[in-house]
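The shown structure was predicted, so the numbers you read here are calculated from the model rather than taken from an experiment. A note on names: the letters A, B, ... follow the listed sequences, proteins ahead of strands, and every chain is numbered from 1.
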Number of protein chains: 2
Amino acid sequence: MDDYLASCQRACEGEIRRLCQPTEHGSNSLFDLIMDYPLRGGKALRPALSMAACLGLGGQLAAILPTAATLELYHNAFLIHDDIEDDSVLRRGRPTLHVDHGIPIAVNVGDAMMSLSLQPLLDNVERVGLGPALRILRAVAHMTRRTVEGQAIELEWVRSNTWELVDADYLAMVELKTSWYSFITPLQVGAIAANARPEQLGPLESLGRHLGAAFQITDDLLNLRADPEDYGKEIGGDLWEGKRTLMLLHALRTAPPAERRRGTRILAHPRPNAGTAVRDVRLLDELVAQGELSPAGRTRLLSSMDGSGSGETKTLDDIRWLYELIQRAGSLEHARKVADQQADEAGAALAGLNWLPSSRHRDMLRDLVDYVHERTR
Amino acid sequence: MDDYLASCQRACEGEIRRLCQPTEHGSNSLFDLIMDYPLRGGKALRPALSMAACLGLGGQLAAILPTAATLELYHNAFLIHDDIEDDSVLRRGRPTLHVDHGIPIAVNVGDAMMSLSLQPLLDNVERVGLGPALRILRAVAHMTRRTVEGQAIELEWVRSNTWELVDADYLAMVELKTSWYSFITPLQVGAIAANARPEQLGPLESLGRHLGAAFQITDDLLNLRADPEDYGKEIGGDLWEGKRTLMLLHALRTAPPAERRRGTRILAHPRPNAGTAVRDVRLLDELVAQGELSPAGRTRLLSSMDGSGSGETKTLDDIRWLYELIQRAGSLEHARKVADQQADEAGAALAGLNWLPSSRHRDMLRDLVDYVHERTR
């Protein structure tokens with residue numbers, strides 16, 4: 001699987017370079033920034049899904065590569081904007097784009113990447129024919145709509161500080177926000193590029209939905225415990241953000257009323273805004289330790305920095321308390337169990353694809369299912 | 001012209017509402033935010049250009065309305081992100097979206113609007129037929145590419161603090177960054193929806209290019225002098241941002257070397273970013289005065305806050321000095337002259353469209369040219 005992903009990643013990287021070349025009008029600096037995230041060596045999971053579906057169904061690499069690269073470009077644009085929205089400091093082990101270059105440039109670069117994603121999909125008309133090209137465009141339009149709907153649901157939960165949510169609510173949101181653009185559509189466009197029949201898209205949707213949910217849950221589990229060297233993201237960042245994960249929802253749902261109240265009260269507080277504040281908080285502590293700043297001055301600076309005026313933001317103690325709540329409630333085990341169930345469903349969906357012949361492409365999909373199972377251990 | 005624009009605006013607003021309706025999956029809160037800027041009553045210039053070109057060539061309103069609304073949606077998404085990038089506080093006389101709801105939500109809402117813009121263009125296949133639908137999609141892909149290239153050029157100028165630019169540099173950048181998406185493409189897609197012949201698109205490109213340049217220059221002139229009640233934008237915001245306008249470039253180009261050096265030095269400083277930094281710098285000074293913070297600690301905090309290390313930002317005196325430089329150099333008159341020339345070129349391009357019969361649609365285009373002339377007075 002690793003070799004397969006690595007070769008997809010190389011092919012895709014070359015293709016993204018080709019798509020994002022400045023023409024005579026452009027200057028290099030924006031195009032260099034566009035290539036920043038794609039060149040950090042992500043897993044290239046989405047391109048690999050597209051390629052596996054296309055090649056596994058007897059299609060040609062050339063028929064799917066530009067579409068696969070376009071989806072990867074789109075994904076990287078989302079990552080840049082997500083990192084701004086979540087004020088994340090690390091991405092793939094390095095500072096996020098807005099930490100390196102500021103929010104204005106990072107917003108702009110993400111927009112540019114999204115804007116460049118239409119042309120390669122139109123070029124599909126010459127590449128795979130009019131019918132498949134239009135089907136791919138429709139699949140992408142459907143995908144973006146579902147993603148927006150998923151964001152809308154999550155945003156609504158955050159705005160209304162809603163925490164009374166069951167697993168099914170979480171799974172429905174993740175399907176919309178993540179599974180469509182990261183799993184279902186990559187598989188489907190790969191199949192379409194290989195001239196799949198319309199009735200073959202439904203089973204791929206099912207495979208992508210469950211694989212997507214399983215991946216997201218295990219990603220969230222890793223966020224709680226992983227080593228930053230391995231994972232490239234900020235540890236516990238989800239708790240600072242107050243992200244609705246399966247674990248946190250389970251812990252709050254099963255906690256005694258008093259703890260639930262304390263938890264939702266903590267989660268209603270903003271995090272101290274990270275790019276600046278986490279770094280600044282460390283600096284403030286350092287200055288206090290060195291006698292350059294008084295404790296009273298530190299408090300006033302802190303409350304000015306988070307913009308809320310009240311100074312009430314989540315603290316490291318809050319995050320520790322939430323993490324202990326999750327552990328006490330057995331929420332990690334619960335989440336692992338749900339992820340395993342989803343991976344099982346994905347495995348069953350894959351086993352049902354009797355029109356997808358045995359090949360290393362099919363094997364890679366099987367390996368992905370097994371990989372998620374391993375991640376739950 | 002005002003009546004024409006108003007009726008286009010009403011039609012377009014209704015269509016945007018239809019395109020951005022939440023489905024059973026969505027929740028309302030994101031979709032309410034999507035409608036915020038479109039409902040603030042912009043001029044609806046882009047939809048009016050599309051409609052005038054389509055109806056003027058004998059096309060039907062139903063053939064162009066969804067495409068016109070999509071371009072307007074796209075434009076509003078750009079405005080939201082531009083307002084973040086420029087840290088603008090006012091848009092159409094009200095607080096910008098990120099001021100009202102925070103940067104994370106504003107980034108998200110803009111992305112959602114861009115993401116929703118593909119489906120209506122695909123629905124054109126049923127509406128105007130496959131050929132015109134594909135031509136419209138290609139026009140939009142070309143437009144987004146040009147816009148990105150324009151942004152790339154502007155970004156490069158900002159990063160390298162380049163100010164030695166002549167009118168032609170400015171006009172080339174504005175054509176890419178603004179004229180394509182605001183003027184040329186709206187006119188062209190309108191014509192395509194009315195089954196225009198390919199050779200008719202070139203003259204429309206010329207009309208859009210010059211009209212776009214004239215509008216942008218007069219917009220920039222208004223930014224320097226207009227009443228916020230009339231204009232809805234922050235006064236002098238362009239100077240604070242250090243935006244390369246025709247006036248500022250002319251003033252620096254014609255200024256004596258010492259003034260040019262002073263000007264570019266001022267312009268290399270960031271603006272105090274509207275909400276936070278100015279307040280923070282004051283607070284740091286206060287803490288030092290009260291003995292709560294050492295001067296060395298202040299320096300370290302400052303360099304952490306603005307990222308640049310120097311803590312030097314533009315001041316109100318700097319902005320006044322720049323404005324006086326522009327006045328002394330006769331740059332306002334120069335810019336008015338160039339805008340008039342561009343409007344003349346647009347008028348000539350319009351006069352040359354002998355295949356566009358006389359109608360109130362053609363009259364509206366003529367009125368727009370005259371309107372820009374009036375704006376230069």
Side-chain angles (χ1 to χ4, degrees), chain A residues 22-23 25-31 78 81 84-87 102-105 107-108 110-112 114-116 118-119 122 125 130 134 137-138 140-142 144-153 155-156 159 172 176 276 279-280 283-284 287 291-294 296-297 300-301 304-305 307, chain B residues 22-23 25-31 78 81 84-87 103-105 107-108 110-112 114-116 118-119 122 125 130 134 137-138 140-142 144-153 155-156 159 176 275-276 279-280 283-284 287 290-294 296-297 300-301 304-305 307:
Chain A
T23 52
H25 296 299
S27 80
N28 283 311
S29 119
L30 180 63
F31 290 90
F78 266 175
H81 285 184
I84 299 171
E85 291 169 29
D86 303 338
D87 209 354
I103 287 177
I105 285 177
V107 170
N108 199 324
D111 287 351
M114 284 186 219
S115 297
L116 292 174
L118 180 54
Q119 188 61 56
L122 291 174
V125 174
L130 182 60
L134 279 176
L137 276 163
R138 290 202 178 100
V140 171
H142 186 81
T144 57
R145 171 90 202 185
R146 288 289 98 93
T147 310
V148 166
E149 288 171 342
Q151 290 175 319
I153 291 174
L155 191 62
E156 185 68 41
R159 277 164 68 95
L176 290 167
T276 50
R279 201 185 52 205
D280 286 348
L283 177 57
L284 292 181
L287 290 170
E292 307 274 349
L293 176 67
S294 72
R300 284 172 62 192
L301 280 168
S304 131
M305 269 158 45
Chain B
T23 52
H25 296 299
S27 81
N28 283 312
S29 113
L30 180 63
F31 291 90
F78 266 175
H81 285 184
I84 298 171
E85 292 169 27
D86 303 338
D87 208 354
I103 288 178
I105 285 177
V107 170
N108 198 326
D111 287 350
M114 285 187 218
S115 297
L116 292 174
L118 180 55
Q119 187 62 55
L122 291 173
V125 173
L130 183 59
L134 279 177
L137 277 163
R138 289 202 178 101
V140 171
H142 186 81
T144 58
R145 170 91 203 185
R146 289 289 97 94
T147 310
V148 166
E149 288 170 343
Q151 289 175 322
I153 292 174
L155 189 62
E156 185 68 43
R159 276 164 70 95
L176 290 167
T276 52
R279 198 185 55 205
D280 286 348
L283 177 56
L284 292 181
L287 289 170
Q290 294 163 354
E292 307 274 349
L293 175 67
S294 71
R300 284 172 64 192
L301 281 167
S304 129
M305 268 158 44

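Note that the CD atom of A:Glu85 and the CZ atom of A:Phe78 stand 9.0 Å from one another [nearest 0.5 Å].
Taking chain B as the reference chain and counting heavy-atom pairs below 4.5 Å, the highest number among A:Asn108, A:Leu116, A:Thr144, A:Val148 is found for A:Asn108. Contact count against chain B (heavy-atom pairs under 4.5 Å) is highest for A:Asp111 among A:Ile103, A:Ile84, A:Leu155, A:Asp111. Taking chain B as the reference chain and counting heavy-atom pairs below 4.5 Å, the highest number among A:Pro104, A:Gly150, A:Ala172, A:Gly110 is found for A:Pro104. Between chain B and the options A:His142, A:Gln151, A:Met114, the largest number of non-hydrogen pairs under 4.5 Å is found for A:Gln151.
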Would you sort out whether B:Arg138 and B:Leu134 count as a side-chain contact (heavy atoms from CB on, under 4.5 Å), showing the intermediate values? CA-CA 6 Å; B:Arg138 289 202 178 101; B:Leu134 279 177; 4.2 Å; yes

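The two atoms that bring B:Ala141 and A:Leu122 nearest to each other are CB-CD1, 3.7 Å, heavy atoms only. Minimum interatomic distance between B:Glu292 and A:Ala296 (heavy atoms only, all atoms of both residues): OE1-CB, 3.8 Å. Closest of all the heavy-atom pairs between B:Ala112 and B:Leu30 is CB-CD2, 4.0 Å.
For B:Leu137, the parts lying near chain A are the backbone and the side chain together; criterion is any non-hydrogen pair under 4.5 Å.
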